[in-house]
Amino acid sequence: MRRVAVFAAFCAVAFSAGCTVNSSDREASRDFDEARLSMVREQIESRGVRDPRVLAAMEAVPRHELVPEDMRDFAYEDRPLPIGLGQTISQPYIVAAMSEAVRLQGGERVLEVGTGSGYQAAILAELCREVFTIELEKELADRASADLVRLGYHNVRVRHGNGYRGWPEAAPFDAIVVTAAPDQVPPALVEQLAVGGRMVIPVGRSLQDLLLVTRTEQGTEERVLMGVRFVPMRGEKEGAVGDPEADGDGG
Ligand code: SAH
C-alpha cells in the first residue's frame, strides 16, 4: 500500500514538473512571437517596407532560432548580432528591405551569397520557390544547413564555397541577394542573373552603397538604395586557387 502511495506521489511530482517546463516553454515562445510582431510593426513597417508577403515572412521566421543561444534574448532588437567567426546576422530591417527590393512573387529561384546564420535564406524561402545559398565558412554553412532543415525549410540548398563564383550549375537566377560587401559587383554574379532579374548588393569598403542591379537585354541598370554597413566579402575574387573547395549542397 505504502509503495503505491509513494509511486503515486512520485508520478504527481514528475507530472507537475513536466507541466511547469512545458508552460514556461510556451510562455517563452509566446514572448518571442510578440517580440517578433513588434519588430515588424516598429522597425520594418514604420520605415516604409510595404510588401505584404515580405511583412508576413518577417512575422513567420523565428529569428531567435537562428542566433547563438546567448543572443536569443536580443534576437528581435533593431541591430545586427554576432553569430561567431567574426560574422553577423543582419539587422531585421535591412533583411526586409533587401527582400522587398528584389520583388519576389513566389515562383523564383534565388541565389544568396553569405549564408551566415541562414536567417535571410529562410526569409527568401518563404518568398520564392527555391533558394541557393553559399557560405565561405564551413562551420557556418553546416550550422545554417542543419538549422534550416530543423525549421522545415526544404527549399533551401546550402553550399560551402566562394560566392565570387556564384553557383553556375544552378544559374540563371531570377534574383540574387548578396549579404557581404565586395569592392565591386562580381562579374560572375551579373552573368548568372537572368535578363529582367534583380540583384541587391552592398558595394564598397567600410561604408557601402546598397545597389539594386537589374539585368537588361543590353547590360545592367544600377540604382543606389541606401547606405549600409556589411562585413566584407572575402576570398579570392576570381575564385582561383586557395579558395575553399565547394563541398556539396548540404541541406
Ligand atoms: N545573410 C546572413 C548574414 C551574413 S554575414 C544572415 O542572414 O545571417 C556575411 C556572411 O558572408 C558571413 O557569414 C561570411 O562568412 C560570408 N562571406 C564572406 N565572404 C564570402 C564569400 N566570398 N563567399 C561566400 N560567403 C562569404
Side-chain angles (χ1 to χ4, degrees), residues 54 57 66 80 83 85-104 108-125 127-128 130-137 140-141 144 148 156-194 196-215 219-239 243-244 246:
V54 171
L66 290 162
I83 55 169
L85 293 134
Q87 306 306 315
T88 54
I89 176 174
S90 309
Q91 180 191 8
Y93 164 67
I94 296 292
V95 174
M98 289 173 82
S99 304
E100 183 176 57
V102 289
R103 296 194 311 273
L104 301 173
E108 298 86 352
R109 299 164 72 256
V110 178
L111 175 69
E112 181 197 20
V113 173
T115 315
S117 67
Y119 178 66
Q120 172 78 73
I123 296 289
L124 294 171
L127 295 171
C128 71
E130 209 174 358
V131 181
F132 299 79
T133 179
I134 309 176
E135 169 57 52
L136 192 67
E137 299 285 352
L140 294 178
L148 288 163
V156 183
R157 292 170 70 190
V158 183
R159 167 179 282 188
H160 166 226
N162 185 343
Y164 276 109
R165 294 177 186 161
W167 194 316
E169 314 87 275
F173 299 100
D174 304 300
I176 300 181
V177 174
V178 183
T179 65
D183 289 344
Q184 283 164 6
V185 178
L189 298 185
V190 176
E191 271 164 35
Q192 291 174 31
L193 195 57
R198 286 88 47 209
M199 166 159 55
V200 267
I201 179 167
V203 174
R205 288 279 161 91
S206 64
L207 281 178
Q208 304 123 15
D209 284 334
L210 185 65
L211 302 183
L212 178 65
V213 179
T214 306
R215 179 110 189 237
T220 57
E221 282 167 9
E222 278 181 25
R223 189 154 69 84
V224 179
L225 299 179
M226 63 177 115
V228 288
R229 192 177 246 154
F230 277 82
V231 296
M233 195 158 157
R234 291 163 297 122
E236 289 292 324
K237 291 187 173 45
E238 306 306 327
D243 288 347

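All figures in this text were calculated on a predicted structure; none of them were measured in a lab. Along the sequence shown, residues are numbered consecutively beginning with 1. Below, all heavy atoms of this structure are taken into account, side chains as well, without hydrogens, waters or symmetry copies.
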*Asks:* Between R223 and E221, is there a donor-acceptor pair closer than 3.5 Å when you use the side chain of the first and the backbone of the second?
*Replies:*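 Absent.
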
*Asks:* What's the spacing between L225 CG and L210 CG if we round to 0.5 Å?
*Replies:*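 One finds 5.0 Å between CG of L225 and CG of L210.
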
*Asks:* With rounding to the nearest 0.5 Å, note down the distance linking SG in C128 to CD1 in I123.
*Replies:*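 Going from the SG atom of C128 to the CD1 atom of I123 covers 11.5 Å.
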
*Asks:* Do any N or O atoms from the side chain of R215 and from the backbone of L193 form a donor-acceptor pair under 3.5 angstrom?
*Replies:*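 Yes; judged by distance alone, with no hydrogens or angles, the pair exists.
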
*Asks:* Starting at CD of Q87, measure out to CG of L140 and round the result to the nearest 0.5 Å.
*Replies:*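 Q87 CD to L140 CG: 6.5 Å, rounded to 0.5 Å.
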
*Asks:* I'd like to know if the side chain of E135 reaches the main chain of G116, judged simply by a donor and an acceptor atom lying under 3.5 Å from each other, with no hydrogens or angles considered.
*Replies:*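 Side chain of E135 to backbone of G116: a pair is present.
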
*Asks:* Mind checking what makes side-chain hydrogen bond (donor to acceptor under 3.5 Å, both in side chains) contact with R234, not counting sequence neighbours?
*Replies:*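 R234 satisfies side-chain hydrogen bond (donor to acceptor under 3.5 Å, both in side chains) with E137 once adjacent residues are dropped.
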
*Asks:* Can you see which heavy atom on I134 is nearest to which on G163, and at what distance?
*Replies:*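 Closest approach of I134 to G163, heavy atoms only: CG2-N, 3.9 Å.
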
*Asks:* Apply the test side-chain contact (heavy atoms from CB on, under 4.5 Å) to residues L148 and V158: give CA-CA distance (whole Å), side-chain angles for both, the deciding distance (0.1 Å), then the verdict.
*Replies:* CA-CA 9 Å; L148 288 163; V158 183; 4.0 Å; yes

*Asks:* So how far is it from E112 CD to R157 CZ, rounded to the nearest 0.5 Å?
*Replies:*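 E112 atom CD to R157 atom CZ measures 15.0 Å (nearest 0.5 Å).
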
*Asks:* Identify each donor-acceptor pair in which a side-chain atom of residues 97-104 lies under 3.5 Å from a protein atom, sequence neighbours left out, and give them as a table.
*Replies:*
from : atom 1 : to   : atom 2 : distance (Å)
S99  : OG     : V95  : O      : 2.7
S99  : OG     : Q120 : NE2    : 3.0
E100 : OE2    : R50  : N      : 2.9
E100 : OE2    : D51  : N      : 2.8

*Asks:* Run the side-chain hydrogen bond (donor to acceptor under 3.5 Å, both in side chains) test against E169 and tell me which residues pass, sequence neighbours left out.
*Replies:*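 Per chain and number, E169 pairs via side-chain hydrogen bond (donor to acceptor under 3.5 Å, both in side chains) with R159.
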
*Asks:* Any side-chain to backbone donor/acceptor pair from Q192 onto W167? Under 3.5 Å, distance only.
*Replies:*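 Checking the backbone N and O of W167 against the side chain of Q192, a donor-acceptor pair under 3.5 Å is found.
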
*Asks:* Is the backbone N or O of P172 less than 3.5 Å from a side-chain atom of R109, with the two atoms forming a donor-acceptor pair by type?
*Replies:*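 Here the side-chain-to-backbone pair exists.
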
*Asks:* If we ignore hydrogens and angles and just use 3.5 Å, is the side chain of D209 paired with the main-chain N or O of M226 as donor and acceptor?
*Replies:*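 Checking the backbone N and O of M226 against the side chain of D209, no donor-acceptor pair under 3.5 Å is found.
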
*Asks:* Kindly compute the distance separating CD1 (I94) from CD1 (I89), expressed to the nearest 0.5 Å.
*Replies:*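 So the CD1 of I94 and the CD1 of I89 are separated by 13.0 Å.
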
*Asks:* Can you sort out the partners of P80 under side-chain contact (heavy atoms from CB on, under 4.5 Å), two or more places apart, ordered by chain and number?
*Replies:*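 Testing P80 for side-chain contact (heavy atoms from CB on, under 4.5 Å), a comparison that skips the adjacent residues, returns T88, Q91.
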
*Asks:* Just grab all the salt bridge (charged side-chain N to carboxylate O under 4.0 Å, His left out) pairs involving residues 172-184, residues at least two apart or on different chains.
*Replies:*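 Every salt bridge (charged side-chain N to carboxylate O under 4.0 Å, His left out) pair that includes a residue of residues 172-184, provided the two are not neighbours, is D183-R205.
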
*Asks:* Please name all residues satisfying side-chain hydrogen bond (donor to acceptor under 3.5 Å, both in side chains) with T115, sequence neighbours left out, ordered by chain then number.
*Replies:*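 Scan of T115 (side-chain hydrogen bond (donor to acceptor under 3.5 Å, both in side chains), adjacent residues dropped) gives T133.
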
*Asks:* To the nearest 0.5 Å, what is the distance between CZ (F230) and CG (L207)?
*Replies:*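 Between atom CZ of F230 and atom CG of L207 there are 12.5 Å.
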
